[in-house]
Each structure stands twice: as structure tokens, then as C-alpha cells.
Amino acid sequence: MDGKNIRVRFAPSPTGYLHVGGARTALFNYLFAKNTGGTFILRIEDTDRTRFQEDSLKEIFESLRWLGLDWAEGPEKGGNFGPYIQSERLDLYKKHAQILLDRGMAYPCFCTSERLEQVRKEKEARKEQHGGYDRHCRDMSKEEAQKLIDAGTPYVIRLKAPLEGSVSFMDGIRGEIETPVTMVDDTVLMKTDGFPTYHLASVVDDHHMEISHVMRGDEWIASTPRHVLLYQAFGWTPPVFAHLPVILSPDGGKLSKRKGAASVMDYKKAGYLPEALVNFLALLGWNPGDDREIMPLTDIIEAFSMNKISAKPSVFDEQKLEWMNGQYMENYDPTQLLSELEPMWAERGLPVNGFDEVYKKRVIALLQVRSKKVTEIAENADYFFKDPEEFAEQQAKKQFKRMVLPALEKIMERAVGIQWSREAADTLFHAVADELGMSPGKINPVVRIALTGVGGGPDLFDMLDLLGVETSMRRIKKAHDFIDKNVEG
RNA sequence: GUCCCCAUCGUCUAGCCUGGCCUAGGACAUCGCCCUUUCGAGGCGACGACUGGGGUUCGAAUCCCCAUGGGGACGCCA
């Protein structure tokens with residue numbers, strides 16, 4: 001495809017946080033743009049003043065940027081097709097509503113919401129085929145309408161939809177979709193408050209911003225015919241549409257906040273890496289055509305194509321996300337992890353300020369390979385910053401035996417004054433075990449518990465090395481005394 | 001209710017367009033075993049699916065129809 005002309009947009013409305021479904025839509029648009037050498041545009045659809053939320057914009061920008069989906073045109077960026085916030089484009093919509101009015105393809109409607117509600121109820125009671133407006137004001141004379149307008153009667157502007165025939169459009173994922181026009185009622189274009197509806201605004205903007213492909217959630221499929229009708233009324237060529245299937249929660253319903261963390265920023269807080277989330281989201285409803293799963297963004301971009309997008313809704317499997325995150329954790333840059341971890345450690349009340357950056361990064365290096373989430377590093381690093389206060393009961397019961405006491409004593413004796421290192425510790429421990437005729441399997445687990453208070457964790461000698469001889473021996477002494485005091489024969 | 005969309009292991013999916021290479025491949029999860037004197041990672045293996053019924057065809061997961069199931073839409077919300 002000719003990249004020069006490919007222009008796609010992600011068009012969220014600022015009514016709350018960015019959830020993973022929206023993020024996936026943004027991602028697919030981004031991938032398509034990058035793959036074709038096109039332009040990824042961000043546009044804010046804030047035409048509903050009642051649902052607008054002040055913090056929402058900030059949150060959306062932050063989420064997108066955290067994911068690495070920066071836009072080439074849009075708010076805070078500018079571009080030749082701005083402004084990119086719909087509430088700043090009201091004149092454009094008004095002008096276009098007027099064009100349709102002048103052409104007799106739209107008309108003012110004075111029906112109150114109460115009457116509309118009434119009509120809806122009656123239709124429902126009669127089990128009529130399809131809901132929608134009964135076109136009450138459609139044939140009102142121009143004079144009569146003008147009189148009402150002059151009298152200050154509130155009104156909306158509706159599209160005069162054709163009464164027979166059918167509309168069809170090309171869906172990039174599903175193929176052609178055809179709808180009988182009887183399913184399309186006279187859509188409201190301009191609301192009483194002077195703001196456009198989504199339908200008018202998105203069509204006008206997509207046209208003026210020269211959007212070539214509209215990739216959006218598939219809840220829009222049913223409204224697309226009315227969009228096509230609008231393009232026809234204006235005499236414009238519609239873009240290619242591609243409706244992305246929804247993301248479902250594990251129990252089948254639509255993914256929502258109640259069913260786990262649905263917002264992008266919640267995933268950040270939960271310890272996920274943006275690269276992993278992006279990789280995971282890319283594979284929800286799309287695949288590269290081969291068996292690759294762990295794919296850096298550049299590879300995803302390169303492999304991306306619209307016709308590999310599935311039309312089937314998919315379930316958001318957090319377990320798989322976790323696995324994938326673990327894959328990214330293993331090789332992640334410790335410096336970056338550190339900046340995430342600092343506040344988390346501080347929150348746990350750990351005296352991290354007493355340790356230098358090199359030390360902290362070594363802690364991270366030891367833990368990142370065995371953690372699936374950033375938060376796991378935060379939770380399992382306590383003993384690198386302070387002595388364990390107690391010993392895990394089960395492990396202690398199993399390993400703390402009086403027979404290891406001499407070994408611990410010998411280790412402490414010999415450790416004095418030696419040049420400490422991982423190898424030195426290793427040598428020392430084996431020598432002691434040898435001399436006493438004991439298996440290291442009896443001694444090492446005890447030292448592990450002494451050092452960390454728990455049963456699992458990094459390699460024992462790596463920890464001995466990092467912790468240093470002084471701290472290590474202090475902890476061994478503590479465990480030694482504990483055993484001496486509490487363990488019988 | 002009406003209209004639209006969708007349908008392969010529990011989950012994400014390959015295969016479907018252009019029928020035969022499919023005794024249906026991979027991944028997550030689960031369960032074994034190996035490795036590692038810990039945990040995790042890793043290796044090996046097991047379990048596990050073409051929603052059902054009719055066609056078309058020498059042959060169907062693949063094409064057609066119907067049924068069923070799931071999802072969406074039917075707002076002066078997007």
C-alpha cells in the first residue's frame with residue numbers, strides 16, 4: 001500500500017481511563033500506520049459535555065505514551081489538520097450540518113426527549129421490527145420549521161435517510177457488509193446543545209483529516225451504514241473500515257474494571273512492563289502468520305497486516321500475560337526497573353537509601369530472572385536491605401537441626417579476615433562440609449534461611465557475595481543462636 | 001423482538017479465502033519426569049479441540065444451507 005496516503009486515527013472520548021480494549025484499538029492503528037509508513041493520529045472526541053472528565057485526557061495521553069504509542073499528529077503535537085479536539089471544531093460541524101440542511105438532506109426536529117421515549121415504548125409494546133425515530137418532523141414545511149426556530153424552540157438536526165434500498169460497505173476484516181436501509185433511522189447530527197453527535201463529527205473529521213482507514217471497535221458495525229449514508233450525502237468517498245472484535249473477560253462478558261484491572265495504568269501498577277502488554281495485546285486477535293509469540297515491537301510492526309486480524313472476540317487471559325511479562329522481565333534493563341522499584345521499596349519502608357545504585361541493580365539482576373512482575377521484585381527483596389526478623393516456620397522446622405551448629409560455627413570462624421567473594425564463600429562452605437563429613441545439602445539450606453528468612457530465592461553464593469561477609473555472618477550467627485536456643489537434640 | 005457479526009484444545013491461536021500435505025500444528029495453564037543441594041527459569045513428555053445436523057464432492061476443519069450457542073446494535077453516549 002502507498003504509505004504516503006495511509007492515515008489512521010485513534011479517537012477516544014475523554015470519559016475515563018484508557019482501558020486495555022481501547023489500548024488494543026490504538027495499538028492496531030499504530031501498527032498499521034507504522035507498517036505502511038503511514039501516519040498515526042490522535043483525535044479527542046469530546047462532544048458529550050455531560051460525560052466529560054477532566055483528568056481523563058491526561059490519563060489517556062499518559063497511558064498511550066507509557067505503551068510507547070506516540071502519535072504523529074494530535075493534541076500536544078499539532079499537525080496540518082488540527083485542531084485535534086472536537087470541541088474546538090464546532091464551526092466545522094455546524095457548517096456541514098447547514099450544507100445538508102440546504103441540500104434538503106437533513107431537517108430540524110423539534111421532538112422532545114419525552115415524546116421520543118414515548119415512541120420507543122410504543123414500538124416496543126407492539127414488538128415492532130426495529131426501534132428508532134418515527135420521522136415525525138421529517139416532512140414539516142420549511143416555513144413552519146423556521147417559525148418554531150424563531151420562537152426559540154430547541155431542536156436537533158437529523159439526517160434524511162433514504163427510505164428504501166440498502167447500504168453496504170467494505171469491512172477490511174470481514175468483507176462486504178450489507179444492511180437494508182430500513183434499519184437506519186434518521187440519525188441525529190446536531191444535538192440541542194449545539195454539539196454534533198459522534199456520527200456527524202467523526203465522518204466530517206475523518207474526511208477532513210484525510211483518514212484512509214478507520215479501525216475501531218466492532219460495536220460500531222451497526223452504525224457504519226449511517227456513516228456511509230453521511231459520506232454519500234456529502235458526496236465523499238468513505239474510508240476503508242475495519243472493525244476490531246471486542247476483548248472479553250475470562251468469564252465471558254465484556255472486559256470491565258470489576259473483572260480485574262481493566263485500565264492500562266492499573267497494569268502498570270500491577271507490575272507489568274509496557275513491552276509485554278503491547279506484545280500480548282498485539283496477539284489478541286492478530287498473529288504474525290507463524291509461531292512467533294515473544295516479539296519486539298519492531299518485529300510486530302514488520303509482520304503486521306490487516307488481513308491477519310481475526311473477526312472473533314478473544315478472552316483476555318491474564319495468566320498468559322503474566323508469562324509473557326516474565327519473559328520480558330528476564331532481560332529487562334535493571335536501570336529502568338530500578339526507577340520503578342525505588343518508590344515501591346520506599347513504600348514498604350525499606351531503608352533503600354543506605355544502599356548505592358550498584359548494589360540495588362545487583363539485587364534486581366538476581367531477582368528479575370525469577371520474577372514475573374516488577375511487583376514481585378519489590379515484594380521479595382526485603383532481606384537485601386534488612387536482616388530477616390523471623391524464619392519461615394515450615395522451612396525452619398525442616399532444616400534447623402542441632403547437628404548443623406558446628407558447621408555454622410566453623411564457617412563463622414573461618415570467614416574472619418578472608419578476601420570475600422562468591423568463589424571464596426563457595427570454597428569455604430565446601431571445605432567446612434568436607435571437614436565435618438557433612439553434606440552441603442544439610443548446611444546450605446540452613447544458611448539460606450539464615451540469610452533470607454525464607455526457603456526460595458537466588459543462588460546462595462550469589463547472595464553471600466552481594467550481602468557481604470559482615471552481614472552474612474551476622475545473620476548466620478542469629479540463626480545459630482536461634483537453633484541453639486530453640487531446637488532440641 | 002428486529003438486524004448485524006462470530007464459531008478449532010479450558011484460554012490465545014495455525015490451518016479455512018485457493019478442499020486432499022490434518023492420524024488438526026504451536027503457545028499459556030494443568031499434570032508428570034529431567035536439570036538445579038532452594039525458588040524460578042529451562043529441557044522432555046502427557047492431557048486436551050474442528051458446536052450439531054443436512055448437503056456439494058472421489059474427498060470437508062476448509063464450500064453451501066439450517067439449527068444451536070456467544071457477542072454487538074437498536075440514545076440529543078461514544
Is any side-chain nitrogen or oxygen of A:Arg51 closer than 4.0 Å to OP1 or OP2 of B:A78? no
Could you check A:Val184 against A:Leu159 for side-chain contact (heavy atoms from CB on, under 4.5 Å), going step by step and ending with a plain yes or no? CA-CA 10 Å; A:Val184 186; A:Leu159 177 70; 6.0 Å; no
Specify the separation, in whole Å, of atom CH2 of A:Trp220 and atom P of B:C3. 23 Å
Please confirm whether the shortest side-chain N or O distance from A:Thr47 to OP1 or OP2 of B:A78 is below 4.0 Å. yes
Measure CG/A:Asn444 against P/B:U37 and give the value in whole Å, please. 10 Å
Would one find more than 12 heavy atoms of other residues, nucleotides or ligands at under 6.0 Å from atom CD of A:Glu435? yes
Side chains of A:Met215 and A:His243, heavy atoms from C-beta outward: is any pair under 4.5 Å? no
Roughly how many Å apart are B:U51 and B:C9, using the P atom of each and rounding to a whole number? 7 Å
More than 12 heavy atoms from other groups under 6.0 Å of CD on A:Glu176: yes
Using a cut-off of 4.0 Å on non-hydrogen atoms, how would the nucleic acid contact of A:Val188 be classed: base, sugar-phosphate, or nothing? sugar-phosphate
Distance, rounded to the nearest Å, where A:Met183 contributes CE and B:C74 contributes P: 11 Å
Assign a letter to each nucleotide of nucleotides 7-16 of chain B from its 5' end: B, base within under 4.0 Å of a protein heavy atom; S, sugar-phosphate only; -, no contact. SS--SBSSS-
Geometric class of the A:Tyr198/A:His227 ring pair [parallel <30°, tilted 30-60°, perpendicular >60°]: tilted
Between C1' on B:A78 and CZ on A:Phe52, what's the gap in Å once rounded to a whole number? 14 Å
Have a look at A:Pro245 and say if it touches a base, only the backbone sugar-phosphate, or nothing, with a 4.0 Å heavy-atom cut-off. nothing
Nearest whole Å is fine: how far is B:A29 P from A:Met324 CE? 11 Å
Taking B:U56 as the reference, what is the distance to B:C63 when you measure between their C1' atoms (whole Å, please)? 8 Å
Report the distance from atom CG of A:Asp186 to atom P of B:C76, rounded to the nearest whole Å. 12 Å
Please determine if a side-chain N or O atom of A:Gln327 lies less than 4.0 Å away from the OP1 or OP2 oxygen of B:G42. yes
Give A:Cys109 one of three labels, base, sugar-phosphate or nothing, depending on what nucleic acid heavy atoms sit under 4.0 Å from its own. nothing
Mark yes when over 12 heavy atoms from residues, nucleotides or ligands other than A:Gln394 sit less than 6.0 Å from its CD; otherwise mark no. no
Strictly below 4.0 Å, heavy-atom distances to any atom of RNA chain B: list the hits from residues 21-31 of chain A, or just say none. none
Sugar-phosphate only, base, or nothing, as touched by A:Arg174 at under 4.0 Å among non-hydrogen atoms: sugar-phosphate
Under 4.0 Å, counting only non-hydrogen atoms across every strand here, what does A:Glu330 touch: a base, just sugar-phosphate, or nothing? sugar-phosphate
Check this one for me: any side-chain N or O of A:Arg370 less than 4.0 Å away from OP1 or OP2 of B:U36? no
Between A:Phe304 and A:Phe28, how do the two ring planes meet: parallel, tilted or perpendicular, split at 30° and 60°? perpendicular
